[in-house]
Amino acid sequence: MGELAATFGYGLNAAAKSFDGRHKYIRITDIDESTRRFLCSSLTSPDIDFEEAAPYRLAEGDVLFARTGASVGKSYRYVRTDGEVYFAGFLIRFRFKDKEAAEFVFQNSLTANGFFSLFPLAFRKVP
């Protein structure tokens, strides 16, 4: 993944508040276990100043991975139809150099050992 990803980073350290009608907040529990889609049944918004939160707003093709707890490796690929979404701190976002790389990594993360074979490569230095 080190050669495929342009950037990666942790999400917001912010509390969730009632959904404001526009800004969505995705946390580990908001990713469906089987479909890996964003669950929109109980939407929340991050309790932040949105002018300063631009670095945490998802863009087409971003892939999130859960980085802690029993959900380590759970993944989600952002699609524009999910709306304006910001990601929480227990998730890591990978922004890829192109959409094919994002799709490749996301699809591999869905396999039985996909995450565990991909994730260690994320932090390897590219020569």
Side-chain angles (χ1 to χ4, degrees):
M1 282 193 345
E3 295 177 21
L4 301 175
T7 63
F8 66 91
Y10 294 153
L12 285 165
N13 182 19
K17 66 177 184 178
S18 295
F19 182 52
D20 65 11
R22 178 178 171 191
H23 309 97
K24 299 174 184 175
Y25 199 26
I26 188 167
R27 300 158 297 171
I28 293 171
T29 56
D30 297 320
I31 300 170
D32 185 85
E33 290 286 340
S34 58
T35 67
R36 301 296 173 94
R37 292 188 178 153
F38 183 25
L39 295 170
C40 295
S41 55
S42 57
L43 291 173
T44 60
S45 295
D47 192 9
I48 55 167
D49 175 359
F50 290 100
E51 289 185 21
E52 296 177 10
Y56 303 99
R57 184 176 175 180
L58 297 178
E60 187 75 24
D62 285 351
V63 177
L64 301 178
F65 288 98
R67 66 178 178 94
T68 188
S71 297
V72 166
K74 189 182 206 182
S75 60
Y76 159 79
R77 183 176 40 86
Y78 174 78
V79 291
R80 265 182 272 200
T81 55
D82 284 340
E84 190 172 330
V85 181
Y86 298 82
F87 68 108
F90 289 114
L91 295 165
I92 300 173
R93 175 186 58 202
F94 285 85
R95 185 160 281 167
F96 293 92
K97 295 175 183 174
D98 57 56
K99 66 180 182 178
E100 291 80 12
E103 186 65 19
F104 172 78
V105 170
F106 177 68
Q107 291 301 322
N108 275 283
S109 75
L110 301 177
T111 64
N113 292 319
F115 170 78
F116 295 103
S117 63
L118 289 170
F119 199 72
L121 300 175
F123 302 102
R124 188 179 72 189
K125 282 195 168 191
V126 177

Query raised in the report: Minimum heavy-atom separation for I48 to A53, with atom names?
Result: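 Closest approach of I48 to A53, heavy atoms only: CD1-CB, 3.1 Å.
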To the closest 0.5 Å, what do you measure between [atom1] ([X]) and [atom2] ([Y])?
X	Y	atom1	atom2	value
D82	E60	CG	CD	9.5 Å
D32	T29	CG	OG1	11.5 Å
R95	T7	CZ	OG1	5.5 Å
E84	D20	CD	CG	8.5 Å
N13	F90	CG	CZ	8.0 Å

Query - Sole residue of Y56, Y78, F50 in ring-ring contact (aromatic ring centres under 6.0 Å, His included) with Y86 - result: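 Looking at Y56, Y78, F50, the match for Y86 under the ring-ring contact (aromatic ring centres under 6.0 Å, His included) is F50.
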Query - By side chain to side chain donor-acceptor pair (under 3.5 Å) - contacts of Y25 (at least two apart) - result: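 Testing Y25 for side chain to side chain donor-acceptor pair (under 3.5 Å), a comparison that skips the adjacent residues, returns none.
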Give a yes or no on whether [X] and [Y] share a hydrophobic cluster (residues Ile, Leu, Val, Met, Phe, Trp, Tyr; joining criterion: side-chain heavy atoms under 4.5 Å apart).
X	Y	answer
I92	I28	no
Y10	F8	yes
L39	L43	no
V72	F87	no

Query raised in the report: Taking the six-membered ring for Trp, are F96 and F94 parallel (under 30°), tilted (30 to 60°) or perpendicular (over 60°)?
Result: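 F96 vs F94 ring planes: parallel.
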Report task. Report the C-alpha separation of L58 and L64 in whole Å, then their side-chain angles, then the decisive distance to 0.1 Å, and conclude whether the side-chain contact (heavy atoms from CB on, under 4.5 Å) test is met. Result -> CA-CA 9 Å; L58 297 178; L64 301 178; 3.8 Å; yes
Query raised in the report: More than 12 foreign heavy atoms under 6.0 Å from CZ of F38: is that the case here?
Result: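 Above 12, so yes.
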Query raised in the report: In this structure, are over 12 heavy atoms from other groups packed under 6.0 Å from D98 atom CG?
Result: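 Atom CG in D98 is crowded, with more than 12 foreign heavy atoms closer than 6.0 Å.
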Query - side chain to side chain contact (heavy atoms under 4.5 Å, CB included) partner of Y76, the single match among V63, D62, I31 - result: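 Among V63, D62, I31, the one that satisfies the side chain to side chain contact (heavy atoms under 4.5 Å, CB included) with Y76 is I31.
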Query raised in the report: So do R27 and T44 actually touch side chain to side chain, heavy atoms under 4.5 Å?
Result: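 A side-chain contact exists here, since the closest heavy-atom pair is under 4.5 Å.
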Query raised in the report: Looking only at atom types and distance, does a side-chain atom of S45 sit under 3.5 Å from a main-chain N or O of H23, one as donor and one as acceptor?
Result: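 Flag set: sc S45 to bb H23 pair under 3.5 Å.
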Requested in this report: Evaluate the criterion side-chain contact (heavy atoms from CB on, under 4.5 Å) for residue pair D30 and K24; output intermediate values, then yes/no.
Outcome: CA-CA 11 Å; D30 297 320; K24 299 174 184 175; over 6 Å; no
Report task. Given side chain to side chain donor-acceptor pair (under 3.5 Å), test S75 with R36 step by step and report yes or no. Result -> CA-CA 6 Å; S75 60; R36 301 296 173 94; 3.0 Å; yes
Query raised in the report: In chain order, what residues pass the side-chain contact (heavy atoms from CB on, under 4.5 Å) check against Q107, with sequence neighbours excluded?
Result: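 side-chain contact (heavy atoms from CB on, under 4.5 Å) list for Q107, sorted by chain: E103, L110.
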